[in-house]
2 protein chains.
Amino acid sequence: MAKISKKELIVKHARSLFSQHGYELTTLEAVAKVCSITKPAIYYHFEDKAALYRAVICPEFTTIAQHIEENTQVGTAVQRLESYIKTFGEFLISHPDFNAIFAREIANSAITIPDECIEQLSRTIKQLIFILDAGEKEGVFQKETPFLIQMMIVTTLTSYNTARPLRERIAQTIEDKSRQEPNFENIIESLSKKIVKGLLC
Amino acid sequence: MAKISKKELIVKHARSLFSQHGYELTTLEAVAKVCSITKPAIYYHFEDKAALYRAVICPEFTTIAQHIEENTQVGTAVQRLESYIKTFGEFLISHPDFNAIFAREIANSAITIPDECIEQLSRTIKQLIFILDAGEKEGVFQKETPFLIQMMIVTTLTSYNTARPLRERIAQTIEDKSRQEPNFENIIESLSKKIVKGLLC
DNA sequence: ATAATTTTACTTACCGTTAAGTAAGGAGAT
DNA sequence: ATCTCCTTACTTAACGGTAAGTAAAATTAT
């Protein structure tokens with residue numbers, strides 16, 4: 001297997017801990033411990049805690065922007081929008097740590113994420129705008145605020161995952177045991193159908 | 001004007017600070033300062049920081065559950081669902097601090113919110129389940145996971161508000177200045193139409 | 001009515017812990 | 001011998017929480 005540098009190892013473990021506990025409650029001591037090193041070793045590789053956090057999130061934003069652009073270029077507007085949603089949803093499945101971190105960032109107004117990440121987010125939003133505009137020109141989509149559609153996609157999917165423990169607590173107080181939890185692929189599919197249907201003329 | 005007790009004053013200011021900075025980054029010293037008292041005075045009224053936080057959020061969950069129940073009893077399933085979404089959205093407008101706190105809680109898996117609040121949330125979910133079931137019986141709604149609909153409503157609306165600074169940063173990187181921000185009432189209305197349309201048979 | 005006592009609602013001063021960050025030095029590779 | 005990559009041992013600051021004391025209001029006793 002490909003060798004992973006110590007620096008990459010720190011980022012990987014830090015990502016896991018940031019995703020579990022959030023930025024404030026993640027201590028560098030804890031990161032060091034799971035990496036089997038000491039705290040100052042982290043300071044050798046990163047300027048400070050914020051720099052480590054940036055190293056954790058920035059590559060993820062870049063990757064998702066690439067995935068989105070690669071997968072939403074061809075087809076009808078409906079197909080491209082479906083692919084946009086599916087690509088985003090599948091990225092969350094394969095990057096659960098990013099899911100949790102991104103959800104917290106949105107709830108926190110994303111004040112701590114660097115401009116570098118904002119640019120990557122802009123790439124995805126621009127792609128969504130292209131798709132919605134194309135749909136309008138095709139005469140299949142109603143005009144709608146792109147940011148609302150983006151929020152419907154992004155926050156519904158990320159929060160559906162982060163809110164799982166909340167759902168389980170709520171489910172315990174509701175008698176109806178017949179309802180079972182659908183898997184996340186089905187949720188992506190359902191959401192996609194609803195958003196497309198809601199947008200159609 | 002109605003006299004407000006010192007204890008209520010602490011809760012009010014604490015709610016504002018918790019909503020701005022989150023639980024961890026809100027210090028009791030800061031709460032005390034805006035109340036023009038000292039930190040131990042807070043400990044006179046509340047057992048600890050967590051107890052103050054509970055006093056901040058619990059009444060809000062109770063109020064929203066009441067509003068939802070009061071406003072979604074009559075009419076067709078479509079009307080009741082529209083009222084459900086509108087009532088929730090308008091509560092967020094009139095309780096912006098709750099909006100921010102609730103968004104953070106969902107992103108954080110709601111692990112810190114007490115069972116008392118979960119019960120109130122259950123009341124609203126039960127109401128949504130009633131409405132969706134009624135819609136199925138009327139033959140107008142497709143069967144869908146209620147939690148997905150709940151997430152589409154709750155997280156889209158709360159995050160649309162919390163993500164405002166994020167949107168503004170993104171907007172700066174996109175040339176198109178013609179698009180203007182719709183007000184939140186319009187967002188509620190748009191979301192409502194899309195969810196209802198997406199659910200129709 | 002008024003004096004004695006108690007309770008309410010705080011303040012001042014402080015403790016203990018925790019976590020970010022640093023200074024200095026050491027082991028191993030080149 | 002010097003550079004890389006770390007460790008040990010530390011400083012600093014902040015924050016939750018507490019002990020002890022007090023002014024003023026309320027309650028009770030005389």
Side-chain angles (χ1 to χ4, degrees), chain A residues 1-59 97 100-101 104-105 108 110-114, chain B residues 1-59 97 100-101 104-105 108 110-114:
Chain A
M1 66 188 185
K3 64 176 176 182
I4 180 173
S5 73
K6 188 59 75 71
K7 190 171 179 178
E8 286 168 320
L9 187 82
I10 295 170
V11 169
K12 194 180 127 191
H13 283 127
R15 180 146 48 221
S16 171
L17 289 174
F18 280 133
S19 98
Q20 289 175 62
H21 311 296
Y23 183 81
E24 316 299 340
L25 292 183
T26 298
T27 69
L28 295 183
E29 215 102 41
V31 175
K33 194 173 182 182
V34 294
C35 296
S36 301
I37 54 171
T38 58
K39 188 172 54 167
I42 296 174
Y43 280 91
Y44 174 77
H45 291 286
F46 302 95
E47 199 189 333
D48 54 18
K49 189 181 181 182
L52 172 59
Y53 187 68
R54 284 194 298 273
V56 159
I57 61 171
C58 289
D97 292 339
I101 292 170
R104 280 202 191 85
E105 283 295 344
N108 205 31
I111 41 179
T112 58
I113 79 173
Chain B
M1 66 189 187
K3 64 176 175 180
I4 179 173
S5 72
K6 186 61 72 74
K7 190 172 179 177
E8 287 169 320
L9 187 82
I10 294 170
V11 169
K12 193 179 128 191
H13 283 128
R15 178 145 47 221
S16 170
L17 288 175
F18 280 133
S19 98
Q20 289 175 63
H21 311 295
Y23 184 82
E24 316 299 340
L25 291 183
T26 299
T27 69
L28 294 182
E29 215 102 42
V31 175
K33 196 171 183 184
V34 295
C35 295
S36 302
I37 55 172
T38 58
K39 186 172 56 167
I42 297 174
Y43 280 90
Y44 175 79
H45 291 286
F46 302 94
E47 200 190 332
D48 54 19
K49 189 181 183 183
L52 172 58
Y53 186 68
R54 284 195 297 275
V56 159
I57 61 171
C58 289
D97 292 340
I101 291 170
R104 280 202 192 84
E105 283 293 346
N108 206 30
I111 41 178
T112 58
I113 78 174

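Residue numbers begin at 1 in each chain, while the letters A, B, ... track the order of the sequences.
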Inset, instruction - Could you tell me whether K7(A) sits above the aromatic face of F46(A), with NZ or CZ closer than 6.0 angstrom to the six-membered ring centre and within 45 degrees of the axis? - result: yes
Legend entry - I37(A), nearest nucleotide to its side chain (from dC6(D), dG17(D), dT12(C)): dC6(D)
Inset, instruction - Rounded to the nearest angstrom, tell me the gap between atom CG in L25(A) and atom C1' in dA20(C). - result: 14 Å
Inset, instruction - Any chance you could measure I111(A), atom CD1, to H21(B), atom NE2, to the nearest 0.5 Å? - result: 9.0 Å
Legend entry - hbond_proxy K39(A) side chain to dA20(C) base (donor-acceptor, 3.5 Å cutoff): yes
Inset, instruction - Classify the nucleic acid contact of T27(B) as base, sugar-phosphate or nothing, counting any heavy atom under 4.0 Å across all strands shown. - result: sugar-phosphate
Inset, instruction - Round to a whole Å and report the spacing from CG of L52(B) to C1' of dG16(D). - result: 13 Å
Legend entry - Closest nucleotide among dC10(C), dG17(D), dA19(D) to the A41(B) side chain: dC10(C)
Legend entry - Interatomic distance, K33(B) NZ vs dC15(D) C1' [rounded to whole Å]: 15 Å
Inset, instruction - Determine, for F18(B) and K49(B), whether the Lys NZ or Arg CZ falls below 6.0 Å from the six-membered ring centre while staying within 45 degrees of the axis. - result: no
Inset, instruction - Side-chain contact test, heavy atoms from C-beta onward, threshold under 4.5 Å: evaluate it for L52(B) versus L28(B) and give yes or no. - result: yes
Legend entry - Protein-nucleotide distance (Y43(B), atom OH; dT12(C), atom P), rounded to Å: 18 Å
Inset, instruction - May I ask you to verify if any side-chain N or O of H45(A) is less than 4.0 angstrom from the OP1 or OP2 atom of dT4(D)? - result: no
Inset, instruction - Select one nucleotide: of dG16(D), dA23(C), dG21(C), the one nearest the side-chain heavy atoms of P40(A). - result: dA23(C)
Inset, instruction - Could you state the atom-to-atom distance from CG of D48(A) to C1' of dG21(C) in whole Å? - result: 9 Å
Inset, instruction - Calculate the interatomic distance between K6(B) atom NZ and dT8(C) atom C1'; express it in whole Å. - result: 12 Å
Inset, instruction - Please state whether the base of dG17(D) and the side chain of K49(B) form at least one donor-acceptor pair under 3.5 Å? - result: no
Legend entry - Rounded distance (Å) that lies between atom C1' of dA14(D) and atom CD of E24(B): 14 Å
Legend entry - Separation of dG21(C) C1' from E29(A) CD (nearest whole Å): 11 Å
Inset, instruction - Would you please confirm or rule out a distance under 4.0 Å between OP1 or OP2 of dC6(D) and any side-chain N or O of Y44(A)? - result: no
Inset, instruction - Heavy atoms only: give me the nearest S19(B)-S16(B) pair and the separation to one decimal. - result: OG-O, 3.1 Å
